[in-house]
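Each remark here refers to the structure printed beneath this line.
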Amino acid sequence: MIFAKDKKLTLPVALDVRGEALHRYRIQTIPTTYIIDPNGVIRQKIIGPVTAAQLEKKTALFR
């Protein structure tokens with residue numbers, strides 16, 4: 001969470017301290033990013049690093 005505070009991120013950042021999401025969504029690599037639409041449906045899973053520009057492009061339809 002220090003990273004999010006340092007970068008002044010305004011998006012929600014979840015921290016899975018108990019590993020619940022790790023098991024539920026079968027996360028194998030960190031970082032793993034999920035694009036979730038406003039209805040809570042996972043639209044895309046990105047394994048590995050992702051840039052801000054990539055996130056902007058991939059979430060444009062949901063904003």
Side-chain angles (χ1 to χ4, degrees):
M1 298 304 266
I2 293 171
F3 175 82
K5 287 180 183 177
D6 287 348
K7 298 296 181 184
K8 297 181 173 87
L9 298 180
T10 58
L11 57 102
V13 177
L15 185 58
D16 184 25
V17 295
R18 288 184 261 160
E20 295 171 12
L22 177 80
H23 296 293
R24 177 175 286 170
Y25 299 107
R26 297 182 181 105
I27 296 171
Q28 299 173 357
T29 304
I30 297 176
T32 300
T33 302
Y34 288 86
I35 306 298
I36 303 170
D37 72 16
N39 297 314
V41 176
I42 296 172
R43 295 297 178 180
Q44 187 171 4
K45 176 180 176 180
I46 304 167
I47 298 174
V50 62
T51 66
Q54 289 171 315
L55 288 177
E56 287 288 332
K57 184 177 179 180
K58 293 177 183 300
T59 60
L61 295 175
F62 308 122
R63 286 182 266 121

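All residue numbers refer to positions in the sequence shown, counting from 1. Side chains are part of it too, since the values below use all heavy atoms of this structure and drop only hydrogens, waters and symmetry mates.
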Practice prompt. May I have the step-by-step check of side chain to side chain contact (heavy atoms under 4.5 Å, CB included) for Q54 and T33, ending in yes or no?
Written response: CA-CA 11 Å; Q54 289 171 315; T33 302; over 6 Å; no

Is the side chain of [X] donor-acceptor paired with the backbone N or O of [Y] at a distance under 3.5 Å, no angle test?
X: D16; Y: L22; answer: yes
X: T59; Y: F62; answer: no
X: D37; Y: N39; answer: yes
X: Y34; Y: Y25; answer: yes

Item to complete: Report whether L61 and I42 are members of the same hydrophobic cluster (ILVMFWY, side-chain heavy atoms less than 4.5 Å apart, transitive linking).
Response: no

Fill in: Test item: V13 and L15 side chains (from C-beta on) under 4.5 Å apart, heavy atoms
no

Fill in: Smallest separation among heavy atoms of K58 and I35, with atom names
O-CG2, 4.2 Å

